[in-house]
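First the structure, in the form of C-alpha coordinates, and then the observations on it.
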Amino acid sequence: MSSSGSSPRKFPHTEGNLNSDLISFLMELAEYENIVGRNVFKSNAYKTAASVLASHPKRIASGEEAAKLKGIGKKIALKIDEFLATGKLEKLEKIRGDETSTALKELARVSGVGPTKARQLYDEGITTIEQLRGNPEKLTHHQRIGLKYLEEFEQSIPRAEIEALEGALRRSLSALPEPITLTICGSYRRGKETSGDIDVLLCVKSSLDGNATSTEDPKTAKEKHGKKFEDKNLLSRIVNLLEQDKIVTDTLSLGDTKFMGVCRLSDDTPHRRLDIRLLSPDQFHCGVLYFTGSGLFNKEMRSVALSAGFTLNEYSIRPVGSTGVAGEPLPVTCERDIFDYIGMDYKEPHERNM
DNA sequence: ATGTGAG
DNA sequence: ACTCACATA
(Lines give C-alpha, C1' and ligand atoms only; values in the text may rest on other atoms or scores of the structure.)
Protein backbone atom coordinates (compact mmCIF):
# COMPACT_ATOMS: atom_id res chain seq x y z
CA MET A 1 0.00 0.00 0.00
CA SER A 2 1.40 3.36 -0.94
CA SER A 3 2.01 5.73 1.91
CA SER A 4 2.71 9.03 0.23
CA GLY A 5 0.56 12.08 0.45
CA SER A 6 -1.33 13.99 3.05
CA SER A 7 -4.65 12.27 2.43
CA PRO A 8 -6.62 10.74 5.28
CA ARG A 9 -5.03 7.40 4.53
CA LYS A 10 -1.59 8.55 5.56
CA PHE A 11 -2.38 7.60 9.12
CA PRO A 12 -3.97 4.21 8.58
CA HIS A 13 -6.77 3.58 11.07
CA THR A 14 -6.28 6.43 13.39
CA GLU A 15 -9.75 7.85 13.16
CA GLY A 16 -12.00 6.93 16.04
CA ASN A 17 -9.22 5.44 18.12
CA LEU A 18 -9.12 6.44 21.78
CA ASN A 19 -5.56 7.64 21.41
CA SER A 20 -5.82 9.05 17.91
CA ASP A 21 -4.35 12.42 18.88
CA LEU A 22 -1.25 10.76 20.36
CA ILE A 23 -0.96 8.40 17.42
CA SER A 24 -1.05 11.20 14.90
CA PHE A 25 1.62 13.30 16.60
CA LEU A 26 3.85 10.22 16.81
CA MET A 27 3.27 9.51 13.11
CA GLU A 28 4.13 13.10 12.29
CA LEU A 29 7.39 12.73 14.18
CA ALA A 30 8.03 9.43 12.37
CA GLU A 31 7.58 11.14 9.02
CA TYR A 32 9.89 13.93 10.07
CA GLU A 33 12.66 11.56 11.15
CA ASN A 34 12.32 9.60 7.93
CA ILE A 35 12.21 12.38 5.37
CA VAL A 36 14.04 15.24 7.05
CA GLY A 37 16.24 13.56 9.65
CA ARG A 38 16.86 10.55 7.39
CA ASN A 39 17.01 8.47 10.53
CA VAL A 40 15.11 5.25 9.88
CA PHE A 41 15.69 3.99 13.42
CA LYS A 42 14.11 6.96 15.12
CA SER A 43 11.34 6.96 12.55
CA ASN A 44 10.61 3.30 13.24
CA ALA A 45 10.65 3.90 16.98
CA TYR A 46 7.85 6.46 16.59
CA LYS A 47 5.91 4.19 14.26
CA THR A 48 6.18 1.30 16.70
CA ALA A 49 5.01 3.50 19.56
CA ALA A 50 2.07 4.68 17.44
CA SER A 51 1.01 1.16 16.55
CA VAL A 52 1.29 0.05 20.17
CA LEU A 53 -1.09 2.85 21.15
CA ALA A 54 -3.36 1.99 18.24
CA SER A 55 -3.98 -1.49 19.62
CA HIS A 56 -4.18 -0.35 23.24
CA PRO A 57 -7.79 -0.66 24.41
CA LYS A 58 -7.72 2.25 26.87
CA ARG A 59 -7.16 5.97 26.70
CA ILE A 60 -3.64 6.82 27.84
CA ALA A 61 -3.74 9.29 30.72
CA SER A 62 -0.02 9.86 31.32
CA GLY A 63 3.45 9.23 29.95
CA GLU A 64 4.09 6.94 32.88
CA GLU A 65 1.16 4.77 31.94
CA ALA A 66 2.33 4.71 28.30
CA ALA A 67 5.87 3.76 29.27
CA LYS A 68 4.59 0.48 30.69
CA LEU A 69 3.79 -0.62 27.15
CA LYS A 70 6.44 -2.42 25.16
CA GLY A 71 7.78 -0.10 22.49
CA ILE A 72 7.39 3.13 24.45
CA GLY A 73 10.38 4.40 26.38
CA LYS A 74 11.28 7.41 28.45
CA LYS A 75 11.71 9.93 25.65
CA ILE A 76 8.37 9.20 24.07
CA ALA A 77 6.72 9.09 27.50
CA LEU A 78 7.95 12.63 28.12
CA LYS A 79 6.48 13.79 24.83
CA ILE A 80 3.16 12.21 25.71
CA ASP A 81 3.17 14.09 29.03
CA GLU A 82 3.89 17.36 27.28
CA PHE A 83 1.13 16.74 24.76
CA LEU A 84 -1.42 15.76 27.41
CA ALA A 85 -0.56 18.83 29.49
CA THR A 86 -0.41 21.49 26.78
CA GLY A 87 -2.26 20.00 23.82
CA LYS A 88 0.82 20.34 21.63
CA LEU A 89 4.50 19.54 21.25
CA GLU A 90 7.12 22.26 21.11
CA LYS A 91 9.35 20.11 18.90
CA LEU A 92 6.53 19.57 16.45
CA GLU A 93 5.57 23.24 16.37
CA LYS A 94 9.16 24.07 15.44
CA ILE A 95 9.19 21.43 12.72
CA ARG A 96 5.93 22.70 11.27
CA GLY A 97 7.32 26.20 11.08
CA ASP A 98 10.63 25.13 9.57
CA GLU A 99 10.87 25.87 5.84
CA THR A 100 13.35 23.10 5.06
CA SER A 101 11.10 20.52 6.69
CA THR A 102 7.98 21.70 4.92
CA ALA A 103 9.79 21.79 1.57
CA LEU A 104 11.21 18.27 1.93
CA LYS A 105 7.84 16.90 3.00
CA GLU A 106 6.15 18.60 0.09
CA LEU A 107 8.62 17.16 -2.43
CA ALA A 108 8.31 13.67 -0.93
CA ARG A 109 4.59 13.65 -1.79
CA VAL A 110 5.69 12.63 -5.28
CA SER A 111 5.83 8.88 -5.81
CA GLY A 112 9.45 7.91 -6.41
CA VAL A 113 10.83 10.85 -4.44
CA GLY A 114 12.23 9.66 -1.11
CA PRO A 115 14.40 11.33 1.52
CA THR A 116 17.56 11.36 -0.61
CA LYS A 117 16.03 12.73 -3.79
CA ALA A 118 14.06 15.33 -1.82
CA ARG A 119 17.25 16.61 -0.23
CA GLN A 120 19.00 16.69 -3.63
CA LEU A 121 16.23 18.75 -5.17
CA TYR A 122 16.20 21.06 -2.19
CA ASP A 123 19.94 21.64 -2.50
CA GLU A 124 19.37 22.58 -6.14
CA GLY A 125 16.90 25.22 -5.05
CA ILE A 126 13.68 23.31 -5.73
CA THR A 127 11.31 23.72 -2.79
CA THR A 128 7.80 23.38 -4.21
CA ILE A 129 5.75 21.09 -6.45
CA GLU A 130 5.29 24.15 -8.68
CA GLN A 131 9.03 24.44 -9.23
CA LEU A 132 9.28 20.70 -9.79
CA ARG A 133 6.73 20.98 -12.59
CA GLY A 134 9.00 23.53 -14.21
CA ASN A 135 12.04 21.23 -14.04
CA PRO A 136 10.92 17.79 -15.19
CA GLU A 137 14.44 17.03 -16.45
CA LYS A 138 15.51 16.59 -12.85
CA LEU A 139 13.18 13.62 -12.47
CA THR A 140 13.27 9.94 -13.44
CA HIS A 141 10.42 8.42 -15.43
CA HIS A 142 8.80 7.07 -12.26
CA GLN A 143 9.02 10.45 -10.55
CA ARG A 144 7.55 12.27 -13.56
CA ILE A 145 4.53 9.98 -13.52
CA GLY A 146 4.27 10.48 -9.77
CA LEU A 147 4.24 14.23 -10.31
CA LYS A 148 1.78 14.07 -13.19
CA TYR A 149 -0.81 12.24 -11.07
CA LEU A 150 0.12 13.66 -7.67
CA GLU A 151 -3.36 14.83 -6.68
CA GLU A 152 -5.12 11.84 -8.19
CA PHE A 153 -2.91 9.34 -6.33
CA GLU A 154 -3.77 11.02 -3.05
CA GLN A 155 -7.47 10.34 -3.48
CA SER A 156 -8.68 7.13 -1.90
CA ILE A 157 -10.45 4.59 -4.09
CA PRO A 158 -14.08 3.65 -3.42
CA ARG A 159 -14.73 -0.05 -3.16
CA ALA A 160 -17.28 0.04 -5.96
CA GLU A 161 -14.66 1.37 -8.34
CA ILE A 162 -12.31 -1.50 -7.56
CA GLU A 163 -15.17 -3.96 -8.06
CA ALA A 164 -15.82 -2.47 -11.48
CA LEU A 165 -12.13 -2.54 -12.29
CA GLU A 166 -11.93 -6.18 -11.31
CA GLY A 167 -14.58 -6.95 -13.88
CA ALA A 168 -12.77 -4.96 -16.53
CA LEU A 169 -9.50 -6.74 -15.76
CA ARG A 170 -11.15 -10.16 -16.02
CA ARG A 171 -12.74 -9.29 -19.36
CA SER A 172 -9.44 -8.04 -20.65
CA LEU A 173 -7.45 -11.06 -19.49
CA SER A 174 -9.97 -13.49 -20.94
CA ALA A 175 -8.45 -12.67 -24.34
CA LEU A 176 -5.27 -14.51 -23.34
CA PRO A 177 -4.75 -18.06 -24.60
CA GLU A 178 -4.00 -19.40 -21.10
CA PRO A 179 -6.48 -19.27 -18.21
CA ILE A 180 -5.41 -16.95 -15.43
CA THR A 181 -6.76 -16.60 -11.91
CA LEU A 182 -7.04 -13.10 -10.55
CA THR A 183 -7.34 -11.99 -6.95
CA ILE A 184 -7.33 -8.41 -5.77
CA CYS A 185 -5.64 -8.30 -2.38
CA GLY A 186 -4.75 -5.53 0.04
CA SER A 187 -7.35 -3.63 2.02
CA TYR A 188 -9.94 -4.30 -0.69
CA ARG A 189 -9.82 -8.01 0.09
CA ARG A 190 -10.04 -7.18 3.78
CA GLY A 191 -13.40 -5.60 3.06
CA LYS A 192 -12.48 -1.93 3.44
CA GLU A 193 -14.80 0.63 1.87
CA THR A 194 -11.86 2.54 0.39
CA SER A 195 -8.31 1.67 -0.61
CA GLY A 196 -5.13 3.55 -1.39
CA ASP A 197 -4.09 1.50 -4.38
CA ILE A 198 -4.94 -1.70 -6.21
CA ASP A 199 -2.93 -4.84 -5.66
CA VAL A 200 -3.62 -7.61 -8.17
CA LEU A 201 -2.29 -11.15 -7.93
CA LEU A 202 -2.25 -13.28 -11.05
CA CYS A 203 -1.53 -16.94 -11.39
CA VAL A 204 -1.23 -19.00 -14.54
CA LYS A 205 -2.73 -22.41 -14.43
CA SER A 206 0.30 -23.92 -16.10
CA SER A 207 -0.27 -27.44 -17.44
CA LEU A 208 3.24 -28.31 -16.26
CA ASP A 209 2.90 -27.99 -12.52
CA GLY A 210 -0.63 -28.56 -11.49
CA ASN A 211 0.85 -30.88 -8.91
CA ALA A 212 3.94 -29.38 -7.40
CA THR A 213 4.87 -32.16 -5.01
CA SER A 214 5.03 -35.33 -6.96
CA THR A 215 6.96 -37.70 -9.06
CA GLU A 216 9.44 -35.47 -10.80
CA ASP A 217 13.04 -35.57 -9.69
CA PRO A 218 14.11 -32.90 -7.19
CA LYS A 219 16.36 -31.08 -9.62
CA THR A 220 13.72 -30.10 -12.13
CA ALA A 221 11.39 -29.36 -9.27
CA LYS A 222 13.90 -26.94 -7.85
CA GLU A 223 14.43 -25.22 -11.18
CA LYS A 224 10.72 -24.73 -11.53
CA HIS A 225 10.46 -23.36 -8.05
CA GLY A 226 12.68 -20.44 -9.02
CA LYS A 227 10.92 -17.13 -9.55
CA LYS A 228 11.35 -17.08 -13.30
CA PHE A 229 8.72 -18.36 -15.66
CA GLU A 230 9.19 -20.31 -18.85
CA ASP A 231 7.39 -17.48 -20.55
CA LYS A 232 9.35 -14.45 -19.51
CA ASN A 233 7.14 -12.23 -21.59
CA LEU A 234 3.83 -13.21 -20.06
CA LEU A 235 3.62 -10.22 -17.77
CA SER A 236 4.50 -7.76 -20.51
CA ARG A 237 1.94 -9.40 -22.78
CA ILE A 238 -0.62 -8.93 -20.04
CA VAL A 239 0.35 -5.30 -19.61
CA ASN A 240 0.12 -4.72 -23.37
CA LEU A 241 -3.35 -6.14 -23.35
CA LEU A 242 -4.41 -3.89 -20.49
CA GLU A 243 -2.97 -0.90 -22.33
CA GLN A 244 -4.89 -1.75 -25.48
CA ASP A 245 -8.06 -1.98 -23.44
CA LYS A 246 -7.36 1.48 -21.97
CA ILE A 247 -7.07 0.16 -18.43
CA VAL A 248 -3.34 0.64 -17.92
CA THR A 249 -2.23 4.18 -18.79
CA ASP A 250 1.39 4.28 -17.57
CA THR A 251 4.19 1.99 -16.42
CA LEU A 252 6.44 2.82 -13.49
CA SER A 253 8.36 -0.43 -13.59
CA LEU A 254 7.99 -3.80 -15.27
CA GLY A 255 9.87 -7.00 -14.53
CA ASP A 256 9.20 -10.72 -15.02
CA THR A 257 7.08 -11.02 -11.89
CA LYS A 258 6.09 -7.50 -10.86
CA PHE A 259 4.40 -4.60 -12.62
CA MET A 260 3.95 -1.23 -11.00
CA GLY A 261 1.97 1.37 -12.86
CA VAL A 262 -1.15 3.38 -13.35
CA CYS A 263 -4.67 2.44 -14.37
CA ARG A 264 -8.00 4.12 -14.91
CA LEU A 265 -11.49 2.67 -14.94
CA SER A 266 -12.98 5.32 -17.20
CA ASP A 267 -12.50 8.87 -18.42
CA ASP A 268 -14.34 10.26 -15.43
CA THR A 269 -12.52 8.47 -12.64
CA PRO A 270 -9.06 9.43 -11.37
CA HIS A 271 -5.88 7.62 -12.30
CA ARG A 272 -5.00 4.97 -9.73
CA ARG A 273 -1.86 3.18 -8.65
CA LEU A 274 -1.95 -0.43 -9.82
CA ASP A 275 0.44 -3.22 -8.84
CA ILE A 276 0.35 -6.62 -10.51
CA ARG A 277 2.25 -9.66 -9.33
CA LEU A 278 2.57 -12.86 -11.27
CA LEU A 279 2.90 -15.94 -9.11
CA SER A 280 3.39 -19.59 -9.93
CA PRO A 281 0.58 -21.91 -8.81
CA ASP A 282 2.52 -23.39 -5.90
CA GLN A 283 3.13 -19.91 -4.49
CA PHE A 284 -0.32 -18.53 -5.05
CA HIS A 285 -1.94 -19.03 -1.63
CA CYS A 286 1.07 -17.86 0.35
CA GLY A 287 1.13 -14.85 -1.95
CA VAL A 288 -2.55 -14.09 -1.44
CA LEU A 289 -2.12 -14.40 2.32
CA TYR A 290 0.90 -12.14 2.35
CA PHE A 291 -0.46 -9.44 0.05
CA THR A 292 -3.83 -9.34 1.77
CA GLY A 293 -2.09 -8.19 4.94
CA SER A 294 -2.45 -6.15 6.93
CA GLY A 295 1.25 -5.62 7.50
CA LEU A 296 0.76 -5.94 11.23
CA PHE A 297 -1.29 -9.07 10.84
CA ASN A 298 1.48 -10.59 8.70
CA LYS A 299 4.05 -9.75 11.32
CA GLU A 300 2.00 -11.41 14.02
CA MET A 301 1.27 -14.46 11.91
CA ARG A 302 4.93 -14.91 11.01
CA SER A 303 5.87 -14.85 14.65
CA VAL A 304 3.19 -17.44 15.49
CA ALA A 305 4.58 -19.53 12.63
CA LEU A 306 8.07 -19.25 14.03
CA SER A 307 7.09 -20.42 17.51
CA ALA A 308 5.23 -23.33 15.92
CA GLY A 309 8.40 -24.31 14.07
CA PHE A 310 7.69 -22.90 10.64
CA THR A 311 8.98 -20.06 8.55
CA LEU A 312 6.52 -18.17 6.43
CA ASN A 313 7.12 -15.78 3.56
CA GLU A 314 5.23 -14.59 0.49
CA TYR A 315 6.21 -17.73 -1.46
CA SER A 316 6.02 -20.68 0.91
CA ILE A 317 5.68 -22.14 4.35
CA ARG A 318 8.58 -24.36 5.41
CA PRO A 319 9.35 -26.35 8.55
CA VAL A 320 12.33 -25.18 10.56
CA GLY A 321 14.48 -28.08 11.72
CA SER A 322 16.03 -28.27 15.20
CA THR A 323 19.22 -27.04 13.56
CA GLY A 324 17.42 -23.87 12.50
CA VAL A 325 17.60 -24.70 8.81
CA ALA A 326 14.43 -24.29 6.80
CA GLY A 327 13.16 -27.41 5.03
CA GLU A 328 11.33 -27.82 1.76
CA PRO A 329 8.11 -25.87 1.09
CA LEU A 330 4.99 -27.66 2.33
CA PRO A 331 2.06 -28.32 0.00
CA VAL A 332 -0.61 -25.64 0.23
CA THR A 333 -4.01 -25.81 -1.49
CA CYS A 334 -5.68 -22.82 0.14
CA GLU A 335 -5.05 -20.10 2.70
CA ARG A 336 -6.62 -22.21 5.43
CA ASP A 337 -3.88 -24.84 5.02
CA ILE A 338 -1.34 -22.29 6.18
CA PHE A 339 -3.32 -21.45 9.32
CA ASP A 340 -3.70 -25.18 10.00
CA TYR A 341 0.03 -25.87 9.77
CA ILE A 342 0.83 -23.34 12.47
CA GLY A 343 -2.18 -24.17 14.65
CA MET A 344 -3.85 -20.80 14.27
CA ASP A 345 -7.61 -20.31 13.97
CA TYR A 346 -8.55 -19.31 10.46
CA LYS A 347 -9.17 -15.59 10.12
CA GLU A 348 -11.38 -14.25 7.36
CA PRO A 349 -9.71 -11.42 5.44
CA HIS A 350 -11.91 -8.83 7.18
CA GLU A 351 -10.61 -10.10 10.52
CA ARG A 352 -7.04 -9.29 9.51
CA ASN A 353 -7.35 -5.53 9.79
CA MET A 354 -4.84 -5.16 12.61
C1' DA B 1 27.81 -3.31 -8.04
C1' DT B 2 25.57 0.00 -5.43
C1' DG B 3 22.06 3.05 -3.91
C1' DT B 4 17.11 4.50 -3.99
C1' DG B 5 12.38 3.64 -3.76
C1' DA B 6 8.23 1.06 -3.27
C1' DG B 7 5.50 -2.26 -1.08
C1' DA C 1 12.62 -8.37 6.75
C1' DC C 2 12.81 -9.06 2.36
C1' DT C 3 12.13 -8.70 -2.62
C1' DC C 4 11.74 -6.46 -7.01
C1' DA C 5 12.85 -3.07 -10.44
C1' DC C 6 15.23 1.19 -11.69
C1' DA C 7 19.08 4.24 -12.40
C1' DT C 8 23.81 5.19 -12.37
C1' DA C 9 28.44 4.13 -12.54
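Residue numbers begin at 1 in each chain, while the letters A, B, ... track the order of the sequences. As the structure is a computational prediction, the values presented were derived from the model and not from experiment.
Atom NE2 in A/H141 sits roughly 13 Å away from atom P in C/dT8 (whole-Å rounding). Here the P atom of nucleotide B/dG3 and the CZ atom of A/R38 are 14 Å apart, to the nearest Å. For the pair A/F291 CZ and B/dG7 P, the computed distance is 12 Å after rounding to whole Å. Spacing between atom CG of A/N34 and atom C1' of B/dA6 amounts to 12 Å, rounded to whole angstrom units.
Judged purely by distance below 3.5 Å, without hydrogens or angles, the side chains of A/H142 and A/S111 pair a donor atom with an acceptor atom. Side-chain contact annotation: A/S172 with A/D245, donor-acceptor N/O pair under 3.5 Å present. Side-chain contact annotation: A/E335 with A/H285, donor-acceptor N/O pair under 3.5 Å absent. Side chains of A/D98 and A/S101: a donor on one and an acceptor on the other come within 3.5 Å.
In this model, the phosphate group of B/dT4 is approached by a side-chain N or O of A/T116 to a distance below 4.0 Å at OP1 or OP2. Put simply, A/T257 has a side-chain N or O that comes within less than 4.0 Å of OP1 or OP2 on C/dA5. Close to C/dA1, at under 4.0 Å from its OP1 or OP2, lies no side-chain N or O of A/Y315. Look at A/S253 and you won't find any side-chain N or O under 4.0 angstrom from OP1 or OP2 of B/dA6.
In this structure, A/R277 reaches the sugar-phosphate backbone alone: every heavy-atom distance under 4.0 Å involves primed, P, OP1 or OP2 atoms, never a base. The residue A/K117 sits close only to the backbone: its heavy atoms come under 4.0 Å of sugar-phosphate atoms, none of a base. Residue contacts shown for A/Y290 include a base, since a base heavy atom lies under 4.0 Å away.
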